[in-house]
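Read the structure below first, then the notes.
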Amino acid sequence: MSAEQQHRDGQAADPGPRSLAQALRECDDASLGALLRSRPDLLHPVPTDVTQLATRAGTRASVLRALEHLDRFALQAAEALAVAPDPASYQELLDLLAGDDGDEEVAGALPATVALLRERALVWGGEDRLRLVRTARELLAPSASHSSPTGLGPSVAEATSGMSPGRIQAILTAAGLPHTHDAVSAVAALSALFADRERVAELLEGAPEASREVLTRLVWGPPYGQVTAEPAAHLRWLLDRGLLLPTTPGTVVLPREAALSLRGGRAHRVPEPTRPQVAVAAERKPQVVDAAAGGQALAALDTVEELLRSWDEGGPAVLRAGGLSIRDLKRTAAVLEVPEPVAAFWVELAYAAGLIASDGGYVEEHHDRHDRHDDDGEGYEDEETRDARTRRRSGEAEHYAPTPEYDAWRDLPPADRWAWLLEAWLPGTRTPGLIGGRDGRDRTLSALGPGLDRSPAPEVRRRVLELMAELEPGQAPDPATLLERLRWERPLRSAGPRREQPEPPRAGVRPAYGGGVAPNDPEALRTKLTEWALLEAEMLGVTGRGALATHGRALLGTEGRSEGAGSGTTAAGSARATVVAALLAPLLPEPLDHVLLQADLTAVAPGPLVRPLAEALGVLADVESKGGATVYRFTPGSVRRALDAGRSATELHAFLDRHSRTPVPQPLTYLIDDVARRHGLLRVGAASSYVRCDDESVLDEILADRRATALRLRRLAPTVVAAQADPRTLIEGLRAMGFAPAAESAEGDVMIARPHAHRTPPRTPPAPVPDGPPAPDATLLTAAVRAVRAGDRAATAPRKDTPEAEAPGGLPRTSPADTLATVQAAAMTGESVWIGHVNAEGAASQRLLAPLRVEGGYVTGYDHTADEVRTYALHRITGVAELADETDGAEPAR
């Protein structure tokens, strides 16, 4: 038995429900829950009853969102129903999708697709009366100005609605049909002619070749064409026989019935009932993939740490419009030794993880988030807003800097730090790849600036990883087939036939990161998001050599925090972060507590160093190269930097002896002693500033040097020289001359120039901008279904006819005395009654109430409409109505 026959046999013979509300009312709770799960926008707020649910499911915004979340074949089925008769039978829908020749794949996939459309409340009705929701039909059906997404135009009846009866009769004559008594029967006869494949073929046998070529160009859409006031003979032949019908002056259209006959009954040129398979581009050993991913994860941590370390004493300034300037991004890229788009990615990742922020905390577009009001309407400022206002009033510039969360982050083990970053990356909506492009107003998009949120980004990112996880471990997907699969799962609905898609990435070709994307081009954005997801996953170490690593698969198996940004122990301690960190930890090398000193004044760190050693060595030496091993170089400037930080020569020698696996080279010992011997020989204070030295010959040398002219030095005593420059400028000038001065305090003590870390006040990481409301959990779904059922029972319960007039809005109206007597009697007998209620805001509603207690001017009872016990003031009840006899005295099911 065929699949479509089984589908037909499983359907009821009756015509089915008469409305979408009735169809939903006949659904069981599981089906209702599935609808709310697939369309979470229907839950905000929870509908009061099924009628309100059906009304909300038919609104334009909700239907648009539902159509955007259909796969390609489901969308093709909805598009076919939009051009089919209303209502249409299942067989008519199958014929439109499979064509006259039939298609086994379409026939096999259609029953599940129709069930999906019913589940999403886009299609309702019985087997022989399938109806597309009216709003969806309006969105997908052709009109006089544009065609259907199938490429079909209006029907004969729609295209001839404004045509004169004489013109219609002339078309019948030219087409070889007899005259009719009215225009309606003439249109019906012409529609029947064009719907008959054999008769259309006979009609076209006598058509000129040029006429058939015109039909060939129009048949798959767009079906509209332009004609002049005096059309050519081959066009006149088509116009005379109604194969082209005028819509507007100078515009003609191929009617839908004729197009379907020429197409062989297909609504789409290529039905796509089966999802494309993701091809394998390369296959590697899982151990190799995990090792490569572990190395990338370690490199990612080093890059983020280097970024935060470079901004530790205060980062670049915040632009007036928000974000990072191009010059500062170039400097950051030079520090990280990566291209600018890649540097922008690391900056945005640290920002999303809550590790960097503006120290003023004020961004114009987020201002409303900080301006809150209390219950009395009095505005108040939180700490962040108050700090920002103070900085603005004082004229102090805002800068980016690490947050207090950075200190907590860097104290975590490496695997936990990596998991923290992934918790921010996976659900984040900020899209660094757009940086450098233009927005809709032709403004440049800057790093950390506004306008970078793209709601589809998290869905594309997660789906890319899920599709990679479906492959065997070690298999790398072909990017082109991966993108084609994503296009099938989330096709972009358009007003016309599907256009040419952007060029997909080819296997083995690594596309460049960044570069932006043209505004208002959703298909190009979807392609770029896919490419960026693959590149970002590789840079972060989620994938290795193009294949998903073991710890990358764990990202999809356990849900993490919904906020999506790092937040102290919450981020590090989430279930997903714990699992991922445990899988990654064995792939990361243990931090080392030693280096290898060499005679050329370098030190080699053969792996990552423990934090105290790395920080101390970063002050004493300069990083010369990075990679599997980091090379540090000792220079007079770097040694002087360590001495300025308060370390003595003895301490530096002991430090190197303790942490070197090789003997300390003699040149390094000499370098430290030589710099230490000259360090502090000169003393600089404030006069504007002065230079003090016990060796008069050194001061003589300085005064004789031409390079000291700009410092405007003057000798005050044999051992003291005054300067007209500030101490900092004086120190820098003397160092440029080859000296090693040290600053001193007013008491004559050497001032230690330790770097001071700059931190922002506590900041909240940027929250992702979701693509619609979040998916509801099981608890919310159960409560929502229960509330909708209770409200529906209350709304559909019959009531007795009463002679009293009803208040506006259909509320029952009775006198206060009758209201009190009725609710008291209902409380004694346990009956339920209808009440009309007006709340303090003046909103009126009807309630089905089972009174339990009446006292003190209030009635307390079980409200079946809200499905809970509530108390109402009697003076706010407009009236009471008893239930009809068939339910009188019987409480509705709870």
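What you see is a predicted model, and the numbers here were worked out from it, not measured in a lab. Side chains included, hydrogens not; waters and symmetry mates left out as well; all remaining heavy atoms used.
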Would you name the heavy atoms of [X] and [Y] that are closest together and state the gap between them?
| X | Y | result |
| --- | --- | --- |
| V347 | L307 | CA-CD2, 3.8 Å |
| G618 | R641 | O-NH2, 3.4 Å |
| H551 | G541 | NE2-O, 2.8 Å |
| L448 | L324 | CB-N, 4.5 Å |
| Y632 | A605 | CE1-CB, 4.1 Å |

So, the side chain of [X] versus the backbone of [Y]: is there a donor-acceptor pair under 3.5 Å, distance only?
| X | Y | answer |
| --- | --- | --- |
| R461 | G428 | yes |
| D328 | P316 | no |
| R526 | R490 | yes |
| Q475 | E472 | yes |
| Q296 | E538 | yes |
| S638 | L620 | yes |
| T403 | G354 | yes |
| W311 | P402 | no |
| T481 | P477 | no |
| T635 | R633 | no |

ask   = How would you list, by chain and number, every residue that makes a side chain to side chain contact (heavy atoms under 4.5 Å, CB included) with A469, sequence neighbours excluded?
value = L548, R553, L556
query = With a 3.5 Å cut-off and no angle check, do the side chains of T527 and R487 form a donor-acceptor pair?
reply = yes
message = Could you work out, with salt bridge (charged side-chain N to carboxylate O under 4.0 Å, His left out) as the rule, every residue matching K330, not counting sequence neighbours?
response = E340
message = Once salt bridge (charged side-chain N to carboxylate O under 4.0 Å, His left out) is applied, do any residues pair with D442, and if so which ones, sequence neighbours excluded?
response = R438
Enclosure of R728 CZ (heavy-atom neighbours >12, cutoff 6.0 Å) = no
